[in-house]
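Accompanying notes for the structure given below.
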Amino acid sequence: MQISKLINSFNVPENHHIAIVDVGARWGANPPWDQISDEYVNYLCFEPDIDECTRLMKKFGNSKIEYVATALSDSQKEHILHLTEEPGCSSIYEPNKK
């Protein structure tokens, strides 16, 4: 979908924003969301890899884009984040080495 059609389809009232929550924000926003001006959108992004979250905050963070260095879960307990060779496959589950 063309970004102009996407924006027009939202029908956002003046002085309002769309809120987008990105869970697992590695590499930043994905298309087509990365093409929408922060004039229209507020982003709240969760990225548990602290190094990646810090990189994203430095590169993209502003008053409309917030990065939080935490993972989301349905329980309040600590987990180990297993960082894999392919960072996008990192998980609280141990890697399947097969």
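For Leu72, the CG atom counts as densely surrounded, since its 6.0 Å shell holds more than 12 non-hydrogen atoms of other residues, nucleotides or ligands. Atom CD of Glu86 has more than 12 heavy atoms from other residues, nucleotides or ligands within 6.0 Å.
Residues Arg26 and Pro87 meet the side-chain proximity criterion, which asks for heavy atoms closer than 4.5 Å. Contact of the Val21 side chain with the Phe46 side chain is registered, since non-hydrogen atoms from C-beta on lie closer than 4.5 Å.
The OG atom of Ser63 lies 8.0 Å from the CG atom of Asn42; values are rounded to the nearest 0.5 Å. Here CG of Asp51 is found 11.0 Å from CG of Leu56. Values are rounded to the nearest 0.5 Å. Note that SG of Cys45 and CE of Met57 are 11.0 Å apart. Values are rounded to the nearest 0.5 Å.
Checked against side-chain contact (heavy atoms from CB on, under 4.5 Å), Asn62 has the following partners two or more places apart in sequence or in another chain: Asp38, Lys64, Ile65.
Glu66 contributes no side-chain N or O that, together with a main-chain N or O of Leu44, makes up a donor-acceptor pair within less than 3.5 Å.
By the 4.5 Å side-chain criterion applied to Ile, Leu, Val, Met, Phe, Trp and Tyr, Tyr93 is assigned to a cluster that also includes Ile92.
Trp27 and Ile50 are members of different hydrophobic clusters when ILVMFWY side chains are connected at heavy-atom separations under 4.5 Å. By the criterion of side-chain heavy atoms lying less than 4.5 angstrom apart, applied directly or through intervening Ile, Leu, Val, Met, Phe, Trp or Tyr residues, Leu83 is not grouped with Val23; the two fall into different hydrophobic clusters.
Residues Pro95 and His82 approach most closely at CD-CB, 4.0 Å, considering heavy atoms. Summarising the geometry of Tyr67 relative to Gly28, their closest heavy-atom pair is OH-CA, 4.1 Å, with the distance given to 0.1 Å. The two residues Cys53 and Glu47 make their nearest non-hydrogen contact at CB-O, 3.7 Å.
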